[in-house]
Structures are given as C-alpha cells and as structure tokens.
Amino acid sequence: MSKKGIEAAVKKLEEYYAQFPDWYWKYGLHDAVILSVSELQLAPDYKEKPLKYNCLEIELNSKNALYERNIKTIRLYNYKIKTPDIDINSIDKPWWISDTIEKLGNGRYLLEIKIESAKGSRKNFVVEFEIPEIERK
C-alpha cells in the first residue's frame, strides 16, 4: 500500500472512532465476562439535573477482553429494556461479543449488545437509556 493509501486509511479510522461519545468503549468489549446485571429503582435527587429514575448496572470482568480491559461497571440511567424476554442473569456464563450504539433524535441512546453463553448460543439484548456512567479500573 502506498504512503497516501496508508494515510487515507488512518484518517478514515480516526474519523470512525471520533464519531463515538467520549464515555463509550469505542475499541470494544469483545470477550468481557458479564458478571451480573441489576435493575435499580432510584429516588430522584431533585437538586440534580437531569433526574435519574432508574439504573441498569452491568458488572464486567474485562481483564480478558480483546481491547478495553479497564471497564468494571456500566450504569445506564433512565433506561428501558427493549428485549424484556432476555434475562442476562439466567444465561450460563454470559460474555460480551459485540455491541452497537446509536444516538436517538430525542438525546437518548440505543445500545444493542450481542451476548454469548457458555454453550455458544447468542442473544441480542437491547436497551434505550439517557445517561451513561462508566466505571474504569
């Protein structure tokens, strides 16, 4: 590949990664183990804006993830699960295969996570949320 071709490819890759929000794990969590998923109802603190009504908390062991090995917990506030028939906690040894994130017109996000079980079956878990909080090691 020519020098111009390499520079163009690098620029295209930089543009691709720049499209993601700063809080997002843009390099991926492939092979992170999902330790638990909790649904929390919150009492809103009216001094804090925006208000937080509920939280989907995803605990991860990302030490063996392909890229992002420092993510411990993902908290998604004001969430609504779009695939209520999928209970991640009932999946045998679930791990994170891939995900996509989309910013919706109303300022919310749509996250789709592809999860694989120990037996190799895959499920797509979809959640819409307003406020992300990522805990890194």
Side-chain angles (χ1 to χ4, degrees):
M1 184 180 274
S2 70
K3 184 176 179 180
K4 280 188 176 183
I6 292 171
E7 289 171 354
V10 167
K11 184 177 180 186
K12 193 171 187 175
L13 194 58
E14 287 172 350
E15 288 170 358
Y16 171 75
Y17 286 123
Q19 74 179 335
F20 297 113
D22 290 339
W23 54 264
Y24 184 65
W25 47 92
K26 59 187 164 190
Y27 301 109
L29 285 167
H30 181 77
D31 283 348
V33 175
I34 301 171
L35 300 173
S36 68
V37 177
S38 303
E39 294 185 69
L40 310 169
Q41 294 302 313
L42 307 174
D45 179 354
Y46 291 97
K47 297 174 191 167
E48 188 178 303
K49 300 291 181 191
L51 298 176
K52 296 176 181 174
Y53 298 100
N54 62 17
C55 177
L56 183 71
E57 186 174 82
I58 304 169
E59 294 282 338
L60 298 172
N61 176 346
S62 63
K63 71 179 181 183
N64 292 322
L66 197 53
Y67 299 106
E68 306 259 359
R69 295 187 178 126
N70 66 341
I71 295 180
K72 181 179 176 183
T73 308
I74 297 170
R75 292 183 188 90
L76 307 175
Y77 293 97
N78 302 340
Y79 74 93
K80 179 172 172 71
I81 295 174
K82 300 294 190 170
T83 51
D85 55 320
I86 297 173
D87 177 10
I88 296 173
N89 290 319
S90 69
I91 297 173
D92 183 33
K93 299 177 185 164
W95 72 83
W96 194 293
I97 296 299
S98 64
D99 65 83
T100 59
I101 188 83
E102 177 185 353
K103 185 156 188 178
L104 304 174
N106 59 4
R108 295 173 64 85
Y109 295 92
L110 189 68
L111 175 64
E112 184 174 337
I113 307 168
K114 188 171 289 187
I115 299 167
E116 188 167 319
S117 74
K119 295 181 180 174
S121 67
R122 291 191 177 187
K123 305 265 185 199
N124 284 332
F125 179 79
V126 182
V127 61
E128 182 180 324
F129 63 96
E130 182 180 8
I131 306 161
E133 182 180 285
I134 314 304
E135 186 179 329
R136 299 176 189 268
K137 296 178 193 170

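Keep in mind the model is a prediction, meaning the values are calculated, not measured.
Note: the hydrophobic cluster containing Val126 does not contain Val37 (ILVMFWY, side chain heavy atoms under 4.5 Å, direct or indirect links). One hydrophobic cluster, built from ILVMFWY side chains closer than 4.5 Å, cannot hold both Ile131 and Ile134; they sit in different ones. Tyr24 and Leu76 end up in the same hydrophobic cluster when Ile, Leu, Val, Met, Phe, Trp and Tyr side chains are linked at under 4.5 Å. Under a hydrophobic-cluster definition in which Ile, Leu, Val, Met, Phe, Trp and Tyr are linked whenever side-chain heavy atoms come within less than 4.5 Å, directly or via other members, Ile101 and Val127 are assigned to the same cluster. With hydrophobic clusters built from ILVMFWY side chains whose heavy atoms lie under 4.5 angstrom apart, Tyr27 shares a cluster with Leu29.
Contact annotation: the side chain of Ile91 approaches that of Ile115 to within less than 4.5 Å [non-hydrogen atoms, C-beta and beyond]. The side-chain heavy atoms of Arg108 and Asn78, taken from C-beta on, include a pair separated by under 4.5 Å. Using a 4.5 Å heavy-atom cutoff, the side chains of Asp99 and Trp25 are in contact. Contact of the Leu42 side chain with the Cys55 side chain is registered, since non-hydrogen atoms from C-beta on lie closer than 4.5 Å. In this structure, the side chains of Leu35 and Ile58 stay at 4.5 Å or more apart for every pair of heavy atoms.
Asn70 places no side-chain N or O within donor-acceptor distance of the main-chain N or O of Lys137, the cut-off being under 3.5 Å. Put simply, the side chain of His30 gets close to the backbone of Ile97: a donor and an acceptor are under 3.5 Å apart. Listed for the Ser117 side chain is a donor-acceptor partner under 3.5 Å among the backbone atoms of Lys119. The backbone N or O of Lys63 lies less than 3.5 Å from a partner atom in the side chain of Asn61, making a donor-acceptor pair.
The stretch residues 98-128 participates, sequence neighbours left out, in these ring-ring contact (aromatic ring centres under 6.0 Å, His included) pairs: Trp23-Tyr109, Tyr109-Phe129.
For Tyr67, the OH atom counts as loosely surrounded, since its 6.0 Å shell holds 12 or fewer non-hydrogen atoms of other residues, nucleotides or ligands. Counting non-hydrogen atoms of other residues, nucleotides and ligands closer than 6.0 Å to CG of Asp85 gives a total above 12. More than 12 heavy atoms of other residues, nucleotides or ligands sit less than 6.0 Å from atom NZ of Lys26.
Between the side chains of Thr73 and Glu59, at least one donor N or O sits under 3.5 Å from an acceptor N or O. Trp95 and Asn64 share no side-chain donor-acceptor pair at under 3.5 Å.
Partner of Arg75 under the salt bridge (Lys or Arg N to Asp or Glu O under 4.0 Å) criterion, chosen from Glu57, Glu39, Glu130: Glu57.
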Apply side chain to side chain contact (heavy atoms under 4.5 Å, CB included) to the pair Asn89 and Ile34, showing each step before the final yes or no. CA-CA 9 Å; Asn89 290 319; Ile34 301 171; 6.0 Å; no
With side chain to side chain contact (heavy atoms under 4.5 Å, CB included) as the test, would you mind laying out the steps for Asn54 and Tyr79 before giving the verdict? CA-CA 7 Å; Asn54 62 17; Tyr79 74 93; 3.1 Å; yes
How far apart are the C-alpha atoms of Ile113 and Asn124, what are their side-chain angles, what is the distance that settles it, and do they pass the side chain to side chain contact (heavy atoms under 4.5 Å, CB included) test? CA-CA 6 Å; Ile113 307 168; Asn124 284 332; over 6 Å; no
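Interatomic distance, CD1 of Ile74 versus CD of Glu133, reported as 11.5 Å (0.5 Å rounding). With rounding to the nearest 0.5 angstrom, the NZ atom of Lys123 is 8.0 Å from the OG atom of Ser90. Interatomic distance, Arg69 CZ to Asp31 CG, rounded to the nearest 0.5 Å: 10.0 Å.
With respect to the salt-bridge test (charged N to carboxylate O, under 4.0 angstrom), the residues Glu68 and Arg136 qualify. Between Glu128 and Lys82 there is a salt bridge, since a side-chain N of the basic residue sits under 4.0 Å from a carboxylate O of the acidic one.
Within the cation-pi definition used here (under 6.0 Å to the ring centroid, within 45° of the axis), Lys52 qualifies as a partner of Tyr77.
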